[in-house]
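Worksheet for the structure shown next.
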Amino acid sequence: MKKSLLLGFLMVLALIIFLSACSESDEAAGEGGSDSDNAEVGDQVTLRMTWWGSQSRHDQTQEIIKKFEEENPDINIEAEFTGFDGYFEKMAAQAAGNNLPDIMQQNFGEYLNQYADKGLLADLSEYVESGEIDVEGVSDTVMESGVKDGKLLGIPTGTNALAAFYNTDMLEEAGADIPDESWTWEDYLAIAEQVHEQTGEYGTRLMEPKNLFEYYLREKGEKLFNEDGTDLGYENDQLLEDYFTMNKKMVEAEIAPGYDTIQQIKGVEDELIVHGKAPFDFRWSNQATALTSAAGDRNLEMTLLPGSNNVEGMYLKPAMLWSVSENSEHKEEAVRFIDFFTNSIEVYKIGGSDRGVPIKEEIRNEMAADLSETDKKVFDYIELVTENSSPIDSNFPPESSEILAALEEVDELVMYGELTPEEGAKQFREKATSVLNR
């Protein structure tokens with residue numbers, strides 16, 4: 001009897017809630033206007049969009065989104081953003097839950113290939129062919145950076161390149177040479193040592209291995225992966241041993257910081273170069289704006305990375321790519337944002353070169369007369385790299401993100417002294433081979 005009474009009570013309660021909801025719905029319709037007004041509100045499409053970056057990029061992108069929504073009132077964009085650390089871990093969790101955002105900032109190489117291998121990204125070829133994404137005049141080389149297995153999986157946001165940023169004030173204070181595009185690794189080490197001895201500060205930032213070991217290999221005429229992505233592209237482990245040894249010696253001499261210091265850096269605003277604590281920092285050219293802004297009145301310049309054959313090592317890269325989830329229910333609307341980003345001068349007036357130098361020549365030409373001092377440096381630098389570089393390597397296997405994570409782990413063990421450079425080079429090959437043969 002108690003159960004029957006409880007069931008009856010719950011049924012009555014459910015009926016009261018239902019009738020109350022209907023009444024509130026009717027009142028809301030009366031207060032909100034006609035049925036047609038409500039239909040227009042209901043027709044607005046909401047897109048989820050995600051990216052990584054510094055605080056300045058977050059602010060710029062929010063402003064770009066606002067401009068887009070003003071021109072496209074039928075679309076609302078929900079922004080999700082983080083720093084680079086943790087970005088792809090978050091994306092992996094969303095992918096596992098079949099909940100990827102409609103528009104995502106994607107990275108060339110290991111991550112694009114990983115997502116392509118799992119069929120998570122929409123092929124944008126039909127939208128380019130129809131003109132819904134206008135890329136007229138964009139070079140084939142730039143567009144090919146978003147292609148994997150014959151599918152166009154990403155539209156480049158801009159052109160980018162690795163750069164050696166340097167603080168001229170610190171170099172001049174130490175009486176050190178100012179580097180140019182012809183400097184060598186020996187020059188780099190000598191200048192870093194001189195700055196440390198003369199100023200008591202670090203002579204350089206510790207190099208991160210994921211991008212810089214690949215450059216180191218290319219400069220030596222080798223590749224990180226072989227042509228079909230089934231194995232490492234270099235056979236002699238002495239190359240990685242030499243790379244580890246160079247960095248380890250600088251850490252031991254306190255010319256470069258160890259990982260204890262590096263791990264305290266949470267963003268561009270914390271970097272040693274912006275605080276006058278190290279004269280060198282090797283990173284992507286599109287980060288010039290964030291670095292310069294954080295550095296205040298410190299004079300930062302950039303040149304090619306060191307090496308006797310840096311033309312072979314240097315390459316142009318898409319700063320990042322805009323991709324659309326294969327499972328998005330609003331691909332047409334997502335494509336409209338990508339076309340807006342690619343073809344609107346307003347986008348680049350807001351963001352400058354933060355996502356790379358614009359891929360469209362007409363945008364670059366329109367911006368040329370009104371560039372900030374930093375953006376002019378970036379545009380000039382990309383022109384320098386264009387004339388002094390070799391084609392990018394795109395043979396990253398789907399497992400490459402795991403392999404590069406292993407490289408970071410081994411690099412850390414070597415810098416902490418838990419492995420010798422020789423042991424580290426051997427262990428990395430074993431880890432990489434194990435992953436690729438799995």
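Dense packing is recorded around CD of E70, with more than 12 heavy atoms of other residues, nucleotides or ligands lying under 6.0 Å away. Annotation: D180, atom CG; neighbour count of heavy atoms from other residues, nucleotides and ligands within 6.0 Å is above 12. Within 6.0 Å of the CD atom in E208, the count of heavy atoms belonging to other residues, nucleotides or ligands exceeds 12. Within a 6.0 Å sphere centred on CG of N365, heavy atoms belonging to other residues, nucleotides or ligands number more than 12. Within a 6.0 Å radius of NZ in K376, no more than 12 heavy atoms belonging to other residues, nucleotides or ligands are found. For E430, the CD atom counts as densely surrounded, since its 6.0 Å shell holds more than 12 non-hydrogen atoms of other residues, nucleotides or ligands. More than 12 heavy atoms of other residues, nucleotides or ligands sit less than 6.0 Å from atom CD of Q263. Atom CD of E69 has more than 12 heavy atoms from other residues, nucleotides or ligands within 6.0 Å.
Remark: the backbone N or O of D169 is not paired with any side-chain donor or acceptor of N299 at under 3.5 angstrom. D123 contributes a side-chain N or O that, together with a main-chain N or O of L152, makes up a donor-acceptor pair within less than 3.5 Å. Without hydrogens or angle criteria, D134 side chain to E136 main chain gives a donor-acceptor distance under 3.5 Å. Of the possible polar contacts, one joining the S390 side chain to the V311 backbone as a donor-acceptor pair under 3.5 Å is found. In this structure, E361 contributes its side chain and G137 its backbone to no donor-acceptor pair below 3.5 Å. In terms of modelled atom types and a separation under 3.5 Å, the side chain of K331 and the main chain of E326 share a donor-acceptor contact.
At least one side-chain heavy atom of E219 sits under 4.5 Å from a side-chain heavy atom of W185. Counting heavy atoms from C-beta outward, V324 and L121 have side chains that stay 4.5 Å or more apart. Put simply, the side chain of R298 does not reach to within 4.5 Å of the side chain of M170, judged on heavy atoms. Between F337 and N72 the shortest side-chain heavy-atom distance does not fall below 4.5 Å. Side-chain contact between M104 and Y87: present, with at least one pair of heavy atoms (C-beta onward) separated by less than 4.5 Å. The shortest distance between side-chain heavy atoms of K317 and L162 does not fall below 4.5 Å. The shortest distance between side-chain heavy atoms of T46 and E78 falls below 4.5 Å. Two residues are said to be in side-chain contact when any heavy atoms from C-beta on lie closer than 4.5 Å; I273 and R205 fail this criterion.
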* Apply side-chain contact (heavy atoms from CB on, under 4.5 Å) to the pair Y166 and I191, showing each step before the final yes or no. => CA-CA 11 Å; Y166 59 92; I191 296 171; over 6 Å; no
* To do: Report the C-alpha separation of R364 and V357 in whole Å, then their side-chain angles, then the decisive distance to 0.1 Å, and conclude whether the side-chain contact (heavy atoms from CB on, under 4.5 Å) test is met.
  => CA-CA 8 Å; R364 295 196 299 271; V357 172; 3.5 Å; yes
* Asked: Can L300 and T374 be said to form a side-chain contact (heavy atoms from CB on, under 4.5 Å), step by step?
  -> CA-CA 9 Å; L300 304 187; T374 300; over 6 Å; no
* Apply side-chain contact (heavy atoms from CB on, under 4.5 Å) to the pair H58 and W51, showing each step before the final yes or no. => CA-CA 8 Å; H58 300 334; W51 68 87; 3.0 Å; yes
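Note: F428 and Y243 fail the aromatic proximity criterion, with ring centroids not under 6.0 Å apart. For F341 and Y348, the ring centers are positioned less than 6.0 Å apart. For F280 and W183, the ring centers sit closer than 6.0 Å to each other.
Distance CZ/F165 to CE/M302: 5.0 Å, rounded to 0.5 Å. K90 contributes atom NZ, which lies 13.5 Å from atom CH2 of W52 (distance to the nearest 0.5 angstrom). The CG atom of N76 sits 12.0 Å away from atom CD of E333, with the distance rounded to the nearest 0.5 Å. Taking OG of S353 as the reference point, atom CG of L371 lies at 8.5 Å (rounded to 0.5 Å). Interatomic distance, CG of L240 versus CG of L224, reported as 9.5 Å (0.5 Å rounding). Interatomic distance, T50 OG1 to Q94 CD, rounded to the nearest 0.5 Å: 6.5 Å.
Listed here is the closest heavy atom pair of S54 and A290: OG-CB, 3.9 Å. Among all heavy-atom pairs drawn from P279 and V195, the shortest one is CG-CG1, 3.8 Å. Taking all atoms of both residues into account, the shortest heavy-atom contact from L436 to L232 is CD1-N, 4.2 Å.
A salt bridge between K210 and D411 is absent, with no side-chain N of the basic residue lying under 4.0 Å from a carboxylate O of the acidic one. Salt bridge R438/E402: present, at least one basic N to carboxylate O contact under 4.0 Å. Between R283 and E271 there is a salt bridge, with a side-chain nitrogen of the basic residue lying less than 4.0 Å from a carboxylate oxygen of the acidic one. The pair D242-K220 fails the salt-bridge criterion, with no side-chain N (NZ, NE, NH1 or NH2) lying under 4.0 Å from an Asp/Glu carboxylate O.
Residue pairs meeting the side-chain hydrogen bond (donor to acceptor under 3.5 Å, both in side chains) criterion with at least one member in residues 96-105, sequence neighbours excluded, are R48-N99, N98-N327, D102-S328, Q105-R355. Within the structure, side-chain hydrogen bond (donor to acceptor under 3.5 Å, both in side chains) contacts touching residues 109-121 (residues at least two apart or in different chains) are Q114-S401.
For T141 and S139, the side-chain atoms include no donor-acceptor pair closer than 3.5 Å. Judged by distance alone, the side chains of N160 and S285 do bring a donor and an acceptor atom under 3.5 Å apart. Between the side chains of E186 and T184, at least one donor-acceptor pair of N or O atoms lies under 3.5 Å. Side-chain atoms of E132 and S130 form a donor-acceptor pair, as typed in the model, at a separation below 3.5 Å. A donor-acceptor pair shorter than 3.5 Å cannot be found between the side chains of T289 and D354. No donor-acceptor contact under 3.5 angstrom links the side chains of Y215 and N310, judged on distance only.
Geometrically, R336 does not engage Y127 in a cation-pi contact, judged by NZ or CZ lying under 6.0 Å from the ring centre and within 45° of the ring axis.
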